[in-house]
Number of protein chains: 2
Amino acid sequence: MPYGCGVTKTSSPERTAPVDESQLRPAGRATRAAIEAAARTLFAERGFEAASVRAIATEAGVDPALVIRHFGSKEALFLRTLDTSAGVGAVLDGPLETVGRRLVAYFLDPERPAVRHRYLALAQAAHRDQVREEMVRYTAETYVARLAPRMEGADREVRAVLVVAQINGLLNLLFQQEDPIVSGADTATLVALYGDAIQGVLTP
Amino acid sequence: MPYGCGVTKTSSPERTAPVDESQLRPAGRATRAAIEAAARTLFAERGFEAASVRAIATEAGVDPALVIRHFGSKEALFLRTLDTSAGVGAVLDGPLETVGRRLVAYFLDPERPAVRHRYLALAQAAHRDQVREEMVRYTAETYVARLAPRMEGADREVRAVLVVAQINGLLNLLFQQEDPIVSGADTATLVALYGDAIQGVLTP
DNA sequence: GGACTCGGTCAACGCCGTTGACTGGTTGAC
DNA sequence: GTCAACCAGTCAACGGCGTTGACCGAGTCC
């Protein structure tokens with residue numbers, strides 16, 4: 001009888017979840033890192049939709065199935081590639097009276113091109129449930145938790161979230177729609193105009 | 001000889017573009033309208049990604065290929081289903097000193113659930129080039145053209161576009177991310193807080 | 001009545017994310 | 001030293017996607 005007698009079948013303990021990262025041999029850990037690096041590159045270069053699992057696998061030099069086995073799904077892999085980018089944290093921790101303009105200046109800084117790619121990839125994946133939840137969590141943890149306790153007046157948490165709304169809206173027009181009017185505007189003008197609008201919500 | 005002698009072949013005049021709407025017989029015009037209606041329904045119900053061409057065709061009772069033949073592509077069909085929704089135009093044409101709050105109240109009005117679906121579908125399709133261009137055009141035609149001529153001070157066009165940025169950001173947090181803080185906030189509070197922030201850009 | 005065009009179907013193409021069956025190599029207990 | 005268990009990885013396939021091109025039947029026009 002070919003392929004051994006009887007059914008080998010092992011134990012097969014619920015083959016649904018991705019492989020456990022904690023118990024990996026060095027080889028597995030290396031290819032896992034390679035996949036993650038390839039994903040980071042391609043998601044940034046092409047966006048969430050256009051960066052296919054197959055392309056990521058090719059870039060990493062492995063089989064597409066291995067990508068899924070390691071991370072569970074394309075969405076979960078994408079979440080792993082989102083670095084928290086602590087840069088904005090420092091801006092938020094600065095003087096509250098100037099956060100508005102400093103925030104806009106941070107996101108418009110041409111020295112930080114990764115901001116653009118990160119936003120575009122996130123915006124494309126925002127309709128996936130896990131991604132959406134991660135964005136909500138990030139907003140609460142990074143913006144609300146830092147700003148609200150230092151603010152004064154009523155509706156502190158709501159006002160902190162409205163800061164995020166304004167930032168997202170600006171990045172949307174700039175990076176996704178590439179609106180010619182706002183894209184062609186002077187950086188200093190945007191920082192002053194939009195920064196003050198944001199500031200008005202923070203410290204009215 | 002079956003199927004006629006020789007190659008029929010007709011003339012086949014560049015079979016790349018979709019069928020011309022102007023010269024349609026009644027039957028064609030009817031099914032075309034049915035496809036458009038089905039698309040409108042499914043795009044609103046499921047969003048751009050989840051509303052497949054096949055599902056739209058089934059809903060309309062036709063073959064999926066016919067959808068493409070009529071409209072050229074899924075993206076083009078989607079653009080056809082975008083009604084300009086003149087509602088916001090009336091808001092923008094009202095008194096300039098109160099546009100901020102009235103805009104927010106308009107978009108938060110629970111009597112207007114279509115606003116939510118329209119935004120979600122648009123946001124999901126925003127990474128397609130034609131859709132992106134349509135959004136830019138809509139911003140310029142609906143917002144900038146109405147607001148900028150009535151404003152005072154410098155950078156009128158930029159400031160008008162920044163109003164769009166703020167609105168988009170709010171809708172993003174409300175409808176796409178469904179942020180619990182802003183979703184749970186009182187409507188009147190949001191109208192006052194965010195409306196005044198918008199107003200600050202319009203009439204500083 | 002024949003050429004032509006329109007309305008429509010059908011089968012397929014090449015992609016996509018994901019799954020399950022399978023092969024080997026490594027490990028660890030006896 | 002053996003052998004079972006397990007990790008790493010491949011392979012072929014599934015169902016679904018948007019889109020294409022070949023094809024047919026019915027209507028229209030000269």
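Just so it is clear, the values below take in all heavy atoms, side chains as well, and ignore hydrogens, waters and symmetry mates. Chain letters run A, B, ... following the sequence lines, proteins first and then strands; every chain starts at 1.
- The distance from atom CZ of B:R29 to atom P of C:dG8 is 12 Å, rounded to the nearest whole Å.
- Look at B:T31 and you'll find a side-chain N or O under 4.0 angstrom from OP1 or OP2 of C:dG8.
- At whole-Å resolution of the value, CZ in A:F48 and P in C:dC16 are 13 Å apart.
- As rounded to whole Å, 16 Å separates atom C1' of C:dC16 from atom CD of A:E75.
- Cation-pi geometry between A:R40 and A:F78 is not met at under 6.0 angstrom from the ring centre and within 45 degrees of the axis.
- What you find for B:H127 and A:Q176 is that their closest heavy atoms are N-NE2, 4.1 Å.
- Interface remark: the A:R54 side chain does form a donor-acceptor pair with the C:dG17 base, using a distance-only criterion of under 3.5 Å.
- The side chain of B:I68 approaches D:dT20 more closely than any other nucleotide in the set C:dG8, C:dC16, D:dT20.
- The nearest whole Å value for the distance from the NZ atom in B:K74 to the C1' atom in D:dC17 is 8 Å.
- We find that B:E75 and B:R132 are not joined by a salt bridge, their nearest charged nitrogen and carboxylate oxygen being 4.0 Å or further apart.
- Here the side chain of B:P64 is nearest to one of D:dG9, D:dT19, C:dT9, namely D:dT19.
- Atom CZ of A:F78 is separated from atom C1' of C:dT18 by 19 Å (rounded to the nearest Å).
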### Query
Could you go step by step and tell me if B:R118 and B:L82 meet the side chain to side chain contact (heavy atoms under 4.5 Å, CB included) rule?
CA-CA 8 Å; B:R118 179 184 149 91; B:L82 288 181; 4.1 Å; yes
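- Considering only the side chain of A:V53, C:dG17 comes nearest among D:dT10, C:dG17, D:dT19.
- In this structure, the nucleotide among D:dT10, D:dT19, C:dT18 sitting nearest to the side chain of A:R69 is D:dT10.
- A residue-by-residue look at B:R128 and A:A65 shows that A:A65 has its nearest nucleotide of DNA chain D further toward the 5' end.
- A:L77 has its CG atom 15 Å from the P atom of C:dC16, to the nearest Å.
- Neither side chain, A:E49 nor A:Q124, offers a donor N or O lying under 3.5 Å from an acceptor on the other.
- Between B:V62 and A:S73, the residue whose closest nucleotide on DNA chain C is further toward the 5' end is B:V62.
- In this structure, A:I56 places its CD1 atom 14 Å from C1' of C:dT18, rounding to the nearest Å.
- Rounded to whole Å, the distance from NE2 on A:H70 to P on D:dC7 is 12 Å.
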